[in-house]
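Since the structure comes first, as structure tokens, the remarks are kept for the end.
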Amino acid sequence: MLGLLNIFLFDRRGTKLKKLLSVLADMKKLPLMILIFILVLFALVQLKGVSQLYPGDEQTYHYMASLVADGAVPYQDFFVSQPPLQVYFLSLMFSLFGFSIVALKMVPLLATIGSGVLLYLTAREKFGWQSGIVSVAFFLFSFEVLSKSTFNFGVNLALFFVALGFYLLYVRKQMLFAGLVFGIAGMVRFYAIIPALVIGVLLLVKKRDAFVRFCLGFAGTFVLPNIVLLLVFGSSYYTPVIAYHFLKVAEGTSTFSVFMNILSENWMVLLPLVLLPLLKRRKNFQLPLFIVLAYVVFLVLSKRVFEYYFIPLFYFVSLLTGSIVMQLLRNKNMFRYACVVFLVVAGWFTLGNVIFVENIILGEFAAAQEMATYIDEHSAVGTLLFGDVSTAPLLGLMTGRSLVGNIVDTNGMTFTAGVVDVDVVLDALSAEQDVIVVARPGQSIGNQRRVVDYLETACSVMTFYEDRVEGQFVLYRCTQEII
């Protein structure tokens with residue numbers, strides 16, 4: 001903006017203005033300029049979230065990464081319910097920068113931006129650069145991507161490799177390398193292999209040679225590593241990483257409610273799909289459409305669905321939506337004008353989403369620093385921490401204190417599914433001389449009756465904290481006389 005003011009106010013000879021116009025006139029540079037503008041705008045919206053502390057599942061992966069950076073081994077030294085690649089990737093951040101929330105949160109943000117670039121490259125080759133621009137805008141400014149791009153849930157990193165693998169296969173026809181990259185995505189999150197499964201089936205039917213090359217690559221980075229991990233760690237890998245996700249008990253928000261939330265928050269991305277049957281030119285739609293349908297089936301059948309599970313789905317939906325919108329805009333009929341109205345309304349709602357994300361989703365978690373300061377002032381460095389899955393690991397990193405027995409993941413589902421024994425956890429807790437427990441009433445361990453009974457009988461309340469967004473936090477102190 002300042003540059004434009006400088007041109008119009010101080011460029012009396014008009015040389016700068018002519019130069020600007022000549023650049024804009026060069027259509028080869030225009031798509032890149034628009035893409036960079038969208039990416040920069042998205043990054044600016046996310047900038048606040050890069051430095052914000054947040055009580056969530058990402059804190060378990062941050063703490064696990066710190067353990068790995070210190071030499072601990074997943075599945076052997078601590079429980080982790082996902083494939084190992086994300087934790088090792090984040091441990092590299094710890095090795096390079098120590099505990100830096102900015103460095104850690106740059107991982108999902110850069111992965112999301114990278115996915116956006118790959119989406120543009122894919123759509124440009126198949127549907128034209130205009131469709132690529134529209135697809136990227138729909139994807140990056142969908143509510144789920146806006147609200148989750150600075151959180152280390154693993155989905156952003158996994159999606160980057162999915163997007164890269166899809167580009168290598170769909171555009172470059174590099175079957176072996178595509179299989180390799182899809183396998184890497186699966187070692188971040190298992191649900192990232194859904195596109196690979198769809199692609200494998202289609203290749204088996206249509207192109208046997210390509211199927212063999214794709215499977216060789218996929219086997220090298222997904223099948224073989226999982227076989228090795230099973231052989232090395234046995235049930236310590238199989239139970240949390242594979243069996244646990246089938247043993248989860250359906251609880252909390254229902255799948256139907258999650259789908260309704262997704263529809264209400266992201267209708268702008270999904271609505272153009274309704275017009276897909278009306279298009280005459282549907283070449284290149286088949287593969288991404290099959291992947292979208294496969295993801296929907298997976299989400300419907302899953303026992304426990306979280307909204308960020310939909311982010312890979314939105315990637316492929318956005319690929320289709322960009323092309324649909326551009327085809328409608330090129331038509332000289334009523335759909336063209338309806339599409340313009342839709343884009344204006346979608347833009348208005350997107351602005352509202354940006355404001356909501358900035359003020360609520362990426363809002364400050366003030367209680368974190370207050371609790372960390374309190375713990376520093378009222379306990380020795382050797383005091384251990386334990387408790388809420390979303391908060392105790394964060395406070396451990398902030399205060400430099402260790403968690404009891406490296407028990408990081410205290411998600412209530414681990415207990416209800418039977419993969420973590422509450423007696424073992426309580427034995428570990430009671431064996432320590434001095435422990436501060438962080439609990440959120442009704443959540444995580446704060447919803448486990450036996451743990452709550454232990455805290456009320458064997459421990460004393462230190463203090464309470466009330467956060468305007470996250471609710472109440474209680475700090476307990478559990479002390480034992482060691483004879």
Side-chain angles (χ1 to χ4, degrees), residues 56-58 60-61 64 74-76 78-87 153-155 157-159 161-162 182-201 218-219 221-259 261-262 291-313 389-390 407-425 443-445 447-448 450:
D57 288 351
E58 66 170 351
T60 64
Y61 304 121
M64 291 172 185
Y75 319 113
Q76 174 180 292
F78 59 90
F79 174 96
V80 54
S81 63
Q82 302 292 348
L85 194 55
Q86 183 203 12
V87 170
F153 295 139
V155 63
L157 184 60
L159 177 59
F161 290 109
V162 168
F182 272 117
I184 293 172
M187 294 307 293
V188 178
R189 287 294 183 273
F190 276 170
Y191 53 72
I193 69 171
I194 291 174
L197 298 178
V198 173
I199 290 166
V201 171
F218 185 74
T221 53
F222 182 79
V223 178
L224 183 59
N226 274 287
I227 291 174
V228 171
L229 288 167
L230 285 168
L231 291 174
V232 172
F233 297 108
S235 61
S236 296
Y237 180 77
Y238 173 78
T239 300
V241 179
I242 300 174
Y244 168 48
H245 300 283
F246 293 96
L247 296 171
K248 286 181 180 179
V249 177
E251 58 183 18
T253 306
S254 68
T255 299
F256 177 78
S257 297
V258 173
F259 268 86
N261 289 339
I262 288 293
I291 292 173
V292 166
L293 294 174
Y295 262 118
V296 171
V297 171
F298 162 74
L299 293 166
V300 169
L301 295 179
S302 297
K303 289 185 176 180
R304 187 74 170 89
V305 177
F306 298 95
E307 292 183 357
Y308 63 84
Y309 284 8
F310 287 78
I311 291 178
L313 171 67
V389 62
S390 66
I407 301 173
V408 188
D409 189 349
T410 57
N411 189 317
M413 288 186 291
T414 63
F415 298 111
T416 56
V419 296
V420 175
D421 190 339
V422 68
D423 289 325
V424 174
V425 172
Q443 299 187 47
S444 183
I445 61 161
N447 197 35
Q448 298 298 311
R450 292 188 59 195

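Below, all heavy atoms of this structure are taken into account, side chains as well, without hydrogens, waters or symmetry copies.
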* In sequence, state the C-alpha distance, the side-chain angles, and the governing distance for F190 and H245, and then conclude on side-chain contact (heavy atoms from CB on, under 4.5 Å). => CA-CA 10 Å; F190 276 170; H245 300 283; 5.6 Å; no
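- When all heavy atoms of A294 and I194 are compared, the closest pair comes out as CB-CG2, 3.8 Å.
- Scanning all heavy atoms of the two residues, the minimum distance from F415 to T410 falls at CE1-O, 3.7 Å.
- For an aromatic pair to be called close, the ring centres must be under 6.0 Å apart, and F256 with F259 fails this.
- Residues M187 and L229 have side chains in contact (heavy-atom distance under 4.5 Å, counting atoms from C-beta outward).
- Contact between L299 and T255 at its shortest, heavy atoms only, is O-CG2, 3.9 Å.
- At distances below 3.5 Å, not a single donor-acceptor pair connects side-chain atoms of K248 with backbone N or O atoms of A417.
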* Just do the side-chain contact (heavy atoms from CB on, under 4.5 Å) check on F310 and V305 with the steps written out, would you? => CA-CA 9 Å; F310 287 78; V305 177; 3.7 Å; yes
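- In terms of heavy-atom proximity, Y295 sits nearest to A192 at OH-CA, 4.1 Å.
- Between the CG atom of L313 and the CD1 atom of I291 there is a distance of 10.5 Å, given to the nearest 0.5 Å.
- Within 6.0 Å of CZ in F233 there are more than 12 heavy atoms belonging to other residues, nucleotides or ligands.
- Under the 4.5 Å side-chain criterion, counting only non-hydrogen atoms from C-beta, P83 is in contact with V241.
- Between the CD1 atom of I262 and the CD1 atom of I311 there is a distance of 8.5 Å, given to the nearest 0.5 Å.
- No cation-pi contact links R189 to Y308, judged by a cut-off of 6.0 Å to the six-membered ring centre and 45° from its axis.
- The side-chain hydrogen bond (donor to acceptor under 3.5 Å, both in side chains) analysis of residues 190-199, with sequence neighbours excluded, yields no pairs.
- Residues passing the ring pair (Phe, Tyr, Trp, His ring centres under 6.0 Å) test with F161, sequence neighbours excluded: none.
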* Trace of the ring-ring contact (aromatic ring centres under 6.0 Å, His included) decision for Y237 with Y75 -> CA-CA 6 Å; Y237 180 77; Y75 319 113; 4.9 Å; yes
* To do: Show your working on side-chain contact (heavy atoms from CB on, under 4.5 Å) between D409 and S81 and close with a plain yes or no.
  => CA-CA 9 Å; D409 189 349; S81 63; 4.0 Å; yes
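- Taking each heavy atom of V188 and L85 in turn, the nearest pair found is CG2-CD2, 3.6 Å.
- Using modelled atom types, one side-chain atom of S444 and one backbone atom of V389 make a donor-acceptor pair closer than 3.5 Å.
- Here the CG-OG1 distance, from L247 to T414, works out to 12.0 Å after rounding to the nearest 0.5 Å.
- Summarising the geometry, atom CZ belonging to F182 is positioned 3.5 Å from atom CD1 belonging to I199; distances are rounded to the nearest 0.5 Å.
- For the pair V419/M413, no side-chain contact is recorded, criterion being any heavy-atom separation below 4.5 Å from C-beta on.
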* List the steps and the verdict of side-chain contact (heavy atoms from CB on, under 4.5 Å) for I227 and L231. => CA-CA 6 Å; I227 291 174; L231 291 174; 4.0 Å; yes
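- Shortest non-hydrogen contact noted between Y309 and P312 is O-CD, 3.3 Å.
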